[in-house]
Structures are given as structure tokens and as C-alpha cells.
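Since the model is a prediction, treat every value here as computed from it, not as a measurement.
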There are 2 protein chains.
Amino acid sequence: MTNARGPVAVRADARRNIAAILEAATTCLARDPDASINDIAAAAGVGRMTLYGHFGSRGALVSAVAGRAIASSEEELASVDLTGDPVDVLTRLLTASWTLTHRFGALVVAAESSLPPDTLHDAHQAPIKRVRAILRRGRREGCFRTDLPLEWEVTTIQSILHGASTAVHRGEISASLAPALVVKTVLGALAP
Amino acid sequence: MTNARGPVAVRADARRNIAAILEAATTCLARDPDASINDIAAAAGVGRMTLYGHFGSRGALVSAVAGRAIASSEEELASVDLTGDPVDVLTRLLTASWTLTHRFGALVVAAESSLPPDTLHDAHQAPIKRVRAILRRGRREGCFRTDLPLEWEVTTIQSILHGASTAVHRGEISASLAPALVVKTVLGALAP
DNA sequence: TACAACTCGTACTATCGAATACGAGTTGAC
DNA sequence: GTCAACTCGTATTCGATAGTACGAGTTGTA
């Protein structure tokens with residue numbers, strides 16, 4: 001990307017294609033972690049060779065997509081207000097998590113075989129830490145039940161989020177209704 | 001399988017191998033719906049060609065395994081007492097469902113591409129019908145909340161069962177503890 | 001307008017898993 | 001003990017997908 005006059009800017013159409021590829025790869029991989037390069041290129045509206053021009057391999061593409069997802073998740077979750085009534089905090093956290101779960105879905109699975117395990121593990125634990133923390137505080141303040149292992153409760157929350165996402169994909173419930181259902185259900189399951 | 005003297009019995013070693021293959025295929029496919037014929041044959045302790053000798057194709061094997069699973073599930077669930085306090089009934093139903101979910105896990109996914117959609121759909125709806133029925137009765141009798149769509153509650157139950165199964169597979173919780181956790185969590189989520 | 005950056009089709013290699021063909025060796029049942 | 005039933009290795013075909021090579025055509029940008 002350099003010539004005699006110095007570094008050359010990335011052409012606008014290339015930038016557009018890269019964005020389209022990342023976007024298409026995100027939705028394709030979130031739906032099916034085994035989606036083929038062919039499918040992704042087609043979904044992005046570019047030729048397969050164009051995709052390979054920007055991402056040398058499947059792994060490179062998956063890493064890029066996962067990196068974006070991780071960054072965007074972190075940003076989203078960092079903006080959640082963690083102070084105040086634990087029930088309200090958990091509600092906010094669940095609503096934000098719902099969006100992320102539904103948007104990125106099975107992407108984690110795709111990333112498992114392309115990203116360094118540590119990176120992925122850390123990225124996956126970061127949002128969970130917040131949930132764990134508010135659960136603990138809520139228990140201390142008497143808002144949540146204490147007769148179940150905390151780790152199990154975290155697993156349950158993830159299961160419900162994931163179930164809601166696939167239910168929406170199957171058209172069983174509307175995407176706009178989902179977050180409220182998740183919140184009501186989880187709060188019911190955690191009530192003392 | 002016939003000769004001049006009439007039908008010939010299946011040889012004992014063949015019967016043993018068929019049983020081993022079905023068993024191995026069940027556990028392999030429940031863990032990974034994309035398990036290869038090679039893996040399954042190895043897990044069964046037979047050569048790949050022996051497997052093909054008994055099951056003409058991957059589809060035939062998956063169908064056989066799924067058929068067994070469906071029959072065994074039906075039998076198990078049919079033995080559940082559906083009378084009495086809805087909370088007790090749901091507890092029994094969840095305990096039985098847990099066993100099945102954990103044993104057959106991702107088998108449904110493997111069957112999706114091999115079994116006629118109708119068969120699979122019916123087999124999957126049969127256990128759900130029982131849950132739906134007891135949820136409805138429990139609502140009428142005031143045991144369960146009524147502010148969530150019934151279909152969503154069914155989805156939630158499936159999600160929790162599935163989540164518990166994978167958690168056990170990952171070693172996060174013990175298999176003996178799981179059913180109690182599932183029951184407590186689901187009852188909490190459905191409480192009025 | 002000139003040129004590098006970019007697009008993208010075609011064709012090729014490599015790998016993997018399913019499935020078939022062949023055939024030699026083993027073994028259970030009568 | 002005989003023989004069909006059965007086991008199972010090797011080789012091969014087939015289809016899907018990742019990735020490479022080449023090159024002709026297009027287009028953004030200076």
C-alpha cells in the first residue's frame with residue numbers, strides 16, 4: 001500500500017466492500033457458524049476473490065468479525081448503569097445482553113476454531129462478570145434467591161437469552177417482544 | 001437372509017455389533033450432530049465397512065438412532081403420572097425430560113437432515129404437548145403465572161434443559177444435581 | 001487521463017467425509 | 001466341519017469447501 005509518493009489511501013470502493021463483507025460475515029456466522037466463504041461473499045454482494053483479497057483466509061475473516069463483535073459488546077455493556085436497585089440493574093443488563101446475543105448469536109462458536117482460546121475466553125467472561133457481580137449484590141440486599149448456585153444462575157440466564165434468540169429467528173416471537181419476556185422470566189426465576 | 005432351508009437368523013456377533021453401533025452413534029451424535037461415520041465406527045469398536053454393512057448410509061443410521069430415541073422418549077414420558085397438583089406433575093415431567101434431553105442432546109439436530117421433517121416435528125411436539133397441557137391446567141388452578149405467552153414458557157423450559165445438559169457436559173455441574181436445579185429454576189420462573 | 005488499486009471469473013490443488021467396489025480372512029450356526 | 005454370514009482393510013469415486021494462481025477488465029484518484 002505504498003508507492004514513490006508515500007502511503008496510498010485505501011480506495012473508497014474497497015472500504016465499502018470490506019464493510020459489506022464484515023457485515024455479511026457477522027450475520028451469516030451468527031446464524032450458522034459453519035457458513036462457507038462462498039455464502040458470505042454472496043451475502044456481501046462481492047465475488048469470492050474480492051473477499052480473499054481483503055481477508056487472506058477464513059480464520060482472518062472470523063477473527064476480524066469476532067474482534068469487532070467483542071469491541072462492540074464491551075462498548076455496549078460498559079455504558080450500562082450498574083448502580084441502584086439490583087433488579088433495575090439486572091433489567092438493564094439483560095436488555096443490553098439480549099441485543100448482543102441476538103446480533104452475534106453463534107459467532108462465538110465460529111470464533112472458537114480461529115481465535116486464540118484465551119482471547120475468546122476473556123471476551124466471553126467479561127459480560128458474565130457484570131452479571132455475576134449484580135447477582136451477588138442483589139443476594140446481599142435480599143432481592144434475589146440464594147438457594148441456587150450462582151454459576152447455575154448465570155448459565156440459566158445465558159440459556160434463556162440464547163433460546164429467545166433462536167425463537168426470534170424461527171419467527172416464534174417478535175424481536176421487539178423478546179427483551180421484555182427475557183427480563184420477566186429471568187426475574188421470576190431469580191426471585192427469592 | 002434366506003437360503004434353501006428358509007430364513008437364516010442374524011448371527012449373534014452381528015447383532016452385538018449392531019447394538020454397539022447404535023449405542024455409539026447415539027452418544028456421538030448427541031454430543032456432536034456432525035460426528036463422522038468414521039468416529040462412530042471407531043467408538044463402536046468396529047470397522048467402517050462393518051458399519052456400512054448394517055446401515056447403508058449415514059441417513060439410515062441417523063434414522064435408526066433417532067427412531068430409537070423417539071420410541072424410548074415416548075415410553076419414558078408416557079409413564080409419567082399427569083394427575084394431581086400441577087406443580088408436582090411439572091416436577092415429574094421436568095425430571096423425566098431432563099434425562100431425555102441429557103441423553104439425546106443434539107441428536108435432534110443430526111436428525112433434521114436425515115428424517116422426514118414431519119416425523120421429526122411430530123416426535124418433538126409429543127413431549128411438548130404434555131408440558132403445554134400441564135401449564136394450562138396449572139394456570140387455571142392458580143399455580144402458575146399467566147402474564148407470559150405459553151409458547152414462550154415452553155421455549156424457556158427447553159432452553160433451561162438444554163443449558164443444563166451442556167453445563168453437565170462441560171463439567172460445570174454434576175449430573176446428579178442437574179434435575180433439581182432445573183426444577184427449582186423453572187418453578188421459580190413460572191411462579192405467579 | 002494515466003495508473004495503481006481493485007474486482008472477479010476461471011481453473012487448479014488440496015483436504016475431508018460419504019459412499020462404493022473388491023476381496024481376503026474370520027467365525028457363528030447348523 | 002462346512003458354508004454362508006460376517007468383518008474389515010485398501011483403493012477409488014464423488015461432492016463440498018478452503019485456498020492459490022493467473023489474468024483480463026474496471027474504476028477511483030491524483
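On a pure distance criterion of 3.5 Å, no polar donor-acceptor pair joins the side chain of Arg16(B) and the base of dG28(C). No hydrogens or angles were tested; on distance alone, nothing pairs the side chain of Arg58(A) with the base of dT17(D) as donor and acceptor under 3.5 Å. Judged by atom type and distance alone, Arg48(B) does not reach the base of dA18(C) through any side-chain donor-acceptor pair under 3.5 Å.
For the side chain to side chain donor-acceptor pair (under 3.5 Å) test with Asp13(B), the passing option among Arg11(B), Arg15(B), Arg16(B) is Arg11(B); the others fail.
Listed candidates were dG17(C), dC8(D), dA5(D). Nearest to the side chain of Arg11(B) is dA5(D). Which of dC8(D), dC6(C), dA19(C) sits closest to the side chain of Ser57(B) comes down to dA19(C). For Ala12(B), taking side-chain heavy atoms from C-beta onward, the closest of the listed nucleotides dT20(D), dA21(C), dG28(C) is dG28(C). The side chain of Val10(A) sits closest to dC6(C) out of dC8(D), dC6(C), dA5(D).
Atom OH of Tyr52(B) and atom P of dT10(D) are 17 Å apart (whole Å). Atom-to-atom, NE2 of His54(B) to C1' of dC6(D) comes out at 7 Å; the value is rounded to the nearest Å. Between the CG atom of Leu51(B) and the C1' atom of dG9(D) there is a distance of 15 Å, rounded to whole Å. Protein atom CD1 of Ile37(A) is 18 Å distant from nucleotide atom P of dT15(C), rounded to whole Å. A straight line from CE of Met49(A) to P of dG19(D) spans 11 Å, rounded to a whole angstrom. Between the C1' atom of dG19(D) and the CG atom of Leu61(A) lies a distance of 14 Å, rounded to the nearest Å. Summarising the geometry, the separation between CZ on Arg15(B) and C1' on dT27(C) is reported as 15 Å, rounded to the nearest angstrom. Asn17(B) has its CG atom 12 Å from the C1' atom of dA5(D), to the nearest Å.
Hydrophobic clustering of Ile, Leu, Val, Met, Phe, Trp and Tyr side chains at less than 4.5 Å, counting indirect connections, keeps Leu115(A) apart from Leu29(A).
Salt-bridge annotation for Glu141(A) and Arg136(A): absent, with no side-chain N of the basic residue lying under 4.0 Å from a carboxylate O of the acidic one. Here Arg132(A) does not pair with Glu153(A) in a salt bridge; the nearest charged N to carboxylate O distance is not below 4.0 Å. Contact check on Arg130(B) versus Glu74(B) returns a salt bridge, with a Lys/Arg side-chain nitrogen under 4.0 Å from an Asp/Glu carboxylate oxygen.
Across its full length, the helix from dT1(C)-dA30(D) to dC30(C)-dG1(D) shows an angle of 20° between the axes of its 5 terminal pairs at either end, rounded to 10 degrees.
For the residue pair Ser36(A) / Asp39(A), a side-chain donor-acceptor distance below 3.5 Å is found, with atom types taken as modelled.
Remark: Leu94(B) CG to Leu181(B) CG distance equals 12.5 Å, nearest 0.5 Å.
Residue-level contact check: Gly53(A) touches neither bases nor backbone, having no heavy atom under 4.0 Å from any strand.
Comparing Asn38(B) and Asp13(B) along DNA chain C, the residue whose closest nucleotide (by nearest heavy atom) sits nearer the 5' end is Asn38(B).
Residue Ser36(B) has no polar side-chain atom (N or O) positioned under 4.0 Å from OP1 or OP2 of dG17(C).
The ring of His102(A) has its center closer than 6.0 angstrom to the ring center of His169(A).
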